[in-house]
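First up is the structure itself, then whatever we jot down about it.
Since the structure is predicted, the reported quantities are computational estimates derived from the model, not experimental observations.
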Amino acid sequence: MEPQHDIKALYNCALVCRSWLAASRLRLFSSIFLTARRYELFHHTLCSSASMQPWLGHVFEIVIRDGHAGVHNSERRSQRLIHDFAGQLPGLRALTLRSCDWKRRPPHPSAFRMLSAFPALRTLVLHSCMFPTFRSLCHMISSSPHLTTLRMSDVEWPPTPVHWHASAPVTTYTGSRSRPALTHCTVSASGPPRIRYEDFFRWLSTTPTTVSLVEFSCYEHGKAWSTSTVEFLSRAARTVRCIKQLSLTDLHRLPIAALVELRALTLRLDAQDPWAPLASAFGIFEGHHLRELTLENAPVQEEPQLSIGATGSRRWIQCSRGKTIQSSRS
C-alpha cells in the first residue's frame with residue numbers, strides 16, 4: 001500500500017497497537033506533501049518531541065507548495081524548511097518546490113547553498129519558481145553534492161547582467177568545478193515567451209553534466225530549441241542514451257553521428273502532415289544503434305504511409321496508428 005493513496009487507512013493502522021504504529025509511521029513519513037498548515041504541523045510534531053525526531057531519518061521525499069495557480073506566497077515556507085531541517089534529514093532523496101517566489105523578497109544568498117546539508121538528495125524538482133538572480137539558481141543546483149536528476153518547469157529569473165554572462169567559467173556561479181553532474185535533465189516552459197533557458201544551458205555546458213548526462217528532455221512553449229540548447233547537447237553527445245521532446249526541425253540540427261550511445265528518441269510532431277518529412281529523416285539514422293523511436297502528437301485520422309526501412313541489423317517496425325516505431329533484430 002502506498003501512503004499517498006490511502007493516508008486514512010495508515011492513520012487507522014497506527015491506532016491498532018504499538019507494532020502497527022511503527023510500521024504505519026514508517027510509511028507516513030517516507031513521502032510528505034506540505035502546504036502552509038501542514039508545514040506548521042510537520043515542524044511542530046517532529047521538532048517539539050524527542051521521541052518523534054528519529055523519524056526524520058525515514059523521510060525520503062518532500063513536496064512543498066508555496067502557492068497555487070500562479071499565486072506565490074510571501075511566507076517562503078520552502079526557505080524555512082531548508083533552514084529548519086538542514087542536517088536533520090539524512091535520508092531525503094527527492095525534493096519538490098512548487099510556486100516558490102524568492103524574487104519578491106530575496107533571502108540571504110547563502111540560503112540557496114543550503115541543499116548541501118541534505119547529503120542523500122538525488123532529485124530536485126522546481127515548478128513555477130521565481131529566483132532573484134540566475135546565480136542563485138546555479139547555487140541551488142550545484143550545492144547538493146550528489147544531485148543526479150533535475151526537473152524544471154516554468155522557472156524564471158531576471159535577465160542575466162553582462163558581467164555575469166553564462167559563458168563564464170563555472171566557478172563564477174558556483175565556486176565548484178565538480179558539480180552538478182546530472183544524469184537526467186528535464187526542462188520545460190509552458191508559459192509566456194519570456195521564459196527562456198539560454199543562460200541555463202550555456203552555464204550547464206561548462207559543468208561536469210556534459211560527461212554524465214544520460215537522459216535529456218527540453219520543451220520551450222512549442223519553440224525550436226535555442227542555439228545554446230543544441231550546443232549543450234552536442235557537448236554531452238557521447239553519454240546521452242535518451243532524448244525526448246525533439247522536433248523534426250531540431251533533429252536535423254543535432255550531431256546524430258556523435259550521439260554514439262543514443263538508444264531512445266521521442267519526436268514531437270507539430271506539422272499537420274508530418275509523415276513525409278519523417279520518412280525522409282530516417283536516413284539520418286543510417287548505421288546508428290537507435291532502438292526505439294516514439295512519436296508524440298501523431299495524427300491518428302489515418303495510418304501513416306511509411307515504408308519499413310533497415311538500419312544495420314535492425315528493422316524499423318511501425319506500430320498501430322503511428323504512435324511508436326521501434327527497431328528490433330531482423
Side-chain angles (χ1 to χ4, degrees), residues 141 148-152 165-170 177 179-189 196-271 274-298 306-307 309-316 324-328:
I141 295 172
T148 57
T149 299
L150 174 67
R151 294 196 290 271
M152 299 198 315
H165 195 271
S167 62
V170 63
R177 292 183 180 274
R179 300 192 297 266
L182 304 174
T183 59
H184 295 72
C185 180
T186 299
V187 175
S188 65
R196 299 287 287 177
Y197 292 107
E198 288 94 338
D199 286 347
F200 174 73
F201 285 117
R202 289 194 192 101
W203 168 71
L204 204 61
S205 295
T206 68
T207 71
T209 298
T210 55
V211 294
S212 63
L213 190 66
V214 174
E215 181 174 309
F216 178 75
S217 176
C218 180
Y219 178 78
E220 296 187 61
H221 198 51
K223 297 182 177 67
W225 285 0
S226 65
T227 300
S228 60
T229 306
V230 176
E231 290 177 350
F232 162 70
L233 200 53
S234 299
R235 286 176 177 264
R238 297 192 64 83
T239 61
V240 174
R241 297 180 64 87
C242 178
I243 300 176
K244 299 180 179 179
Q245 293 289 346
L246 181 67
S247 70
L248 280 173
T249 301
D250 292 328
L251 174 64
H252 292 279
R253 300 169 63 197
L254 290 182
I256 298 297
L259 292 162
V260 293
E261 296 294 328
L262 185 64
R263 297 296 182 266
L265 178 66
T266 299
L267 285 177
R268 189 182 71 250
L269 305 181
D270 299 321
W275 304 119
L278 179 62
S280 63
F282 280 171
I284 296 177
F285 301 105
E286 184 66 32
H288 203 278
H289 296 287
L290 188 70
R291 294 175 181 172
E292 180 177 341
L293 176 61
T294 303
L295 307 181
E296 292 190 352
N297 300 333
L306 289 176
S307 59
T311 304
S313 60
R314 297 174 173 82
R315 293 182 62 200
W316 294 107
T324 303
I325 295 177
Q326 296 181 326
S327 63
S328 62

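- Between the CG atom of Leu248 and the CZ atom of Arg253 there is a distance of 13.0 Å, given to the nearest 0.5 Å.
- Residue pairs meeting the ring pair (Phe, Tyr, Trp, His ring centres under 6.0 Å) criterion with at least one partner in residues 244-266, sequence neighbours excluded, are absent.
- The aromatic rings of Tyr197 and Phe201 sit perpendicular to each other, their planes meeting at more than 60°, with 30° as the lower class boundary.
- Note that the CG atom of Leu290 and the CD1 atom of Ile256 stand 8.5 Å from one another [nearest 0.5 Å].
- Residues passing the side chain to side chain donor-acceptor pair (under 3.5 Å) test with Arg263: none are found, sequence neighbours excluded.
- Residues Trp225 and Leu246 have side chains in contact (heavy-atom distance under 4.5 Å, counting atoms from C-beta outward).
- For residues 225-239, no residue pair satisfies the salt bridge (charged side-chain N to carboxylate O under 4.0 Å, His left out) rule, not counting sequence neighbours.
- Looking at Thr183, its side chain does come within 3.5 Å of a backbone N or O of Thr148 through a donor-acceptor pair.
- The salt bridge (charged side-chain N to carboxylate O under 4.0 Å, His left out) search around Arg241 returns Glu261, not counting sequence neighbours.
- To the nearest 0.5 Å, atom OG1 of residue Thr227 and atom CZ of residue Phe232 are 15.0 Å apart.
- Heavy atoms only, all atoms of each residue included: Gln245 and Arg268 are closest at O-NH1, 2.9 Å.
- Contact between Ser212 and Ala181 at its shortest, heavy atoms only, is OG-C, 3.2 Å.
- Between Thr266 and Cys242, every side-chain heavy-atom pair lies at or beyond the 4.5 Å cut-off.
- For the pair Ile243 and Leu259, the minimum side-chain heavy-atom distance is below 4.5 Å.
- Legend: residues meeting side chain to side chain donor-acceptor pair (under 3.5 Å) with Ser228, ordered by chain and number and at least two apart, are Ser226.
- Under a 3.5 Å cut-off, the side chain of Thr186 and the backbone N or O of Ser217 do not form any donor-acceptor pair.
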Requested in this report: Begin from the C-alpha positions of Thr209 and Phe216 and carry the test side chain to side chain contact (heavy atoms under 4.5 Å, CB included) through to its verdict.
Outcome: CA-CA 11 Å; Thr209 298; Phe216 178 75; over 6 Å; no
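- Qualifying side chain to side chain donor-acceptor pair (under 3.5 Å) partners for Ser247, counting only residues two or more places apart in sequence or in other chains: Asp250.
- Side-chain atoms of Val214 and Thr239, non-hydrogen and from C-beta on, never get closer than 4.5 Å to each other.
- In plain terms, the two heavy atoms of Ser205 and Thr210 that are nearest each other are O-CG2, 3.4 Å.
- The distance from the CG atom of Leu251 to the CD1 atom of Ile284 is 4.0 Å, given to the nearest 0.5 Å.
- When the side chain to side chain contact (heavy atoms under 4.5 Å, CB included) test is applied to Ala258, the partners found at least two apart in sequence or on another chain are Ala237, Pro255.
- Looking at Leu182 and Leu204, their side chains come closer than 4.5 Å, going by heavy atoms from C-beta outward.
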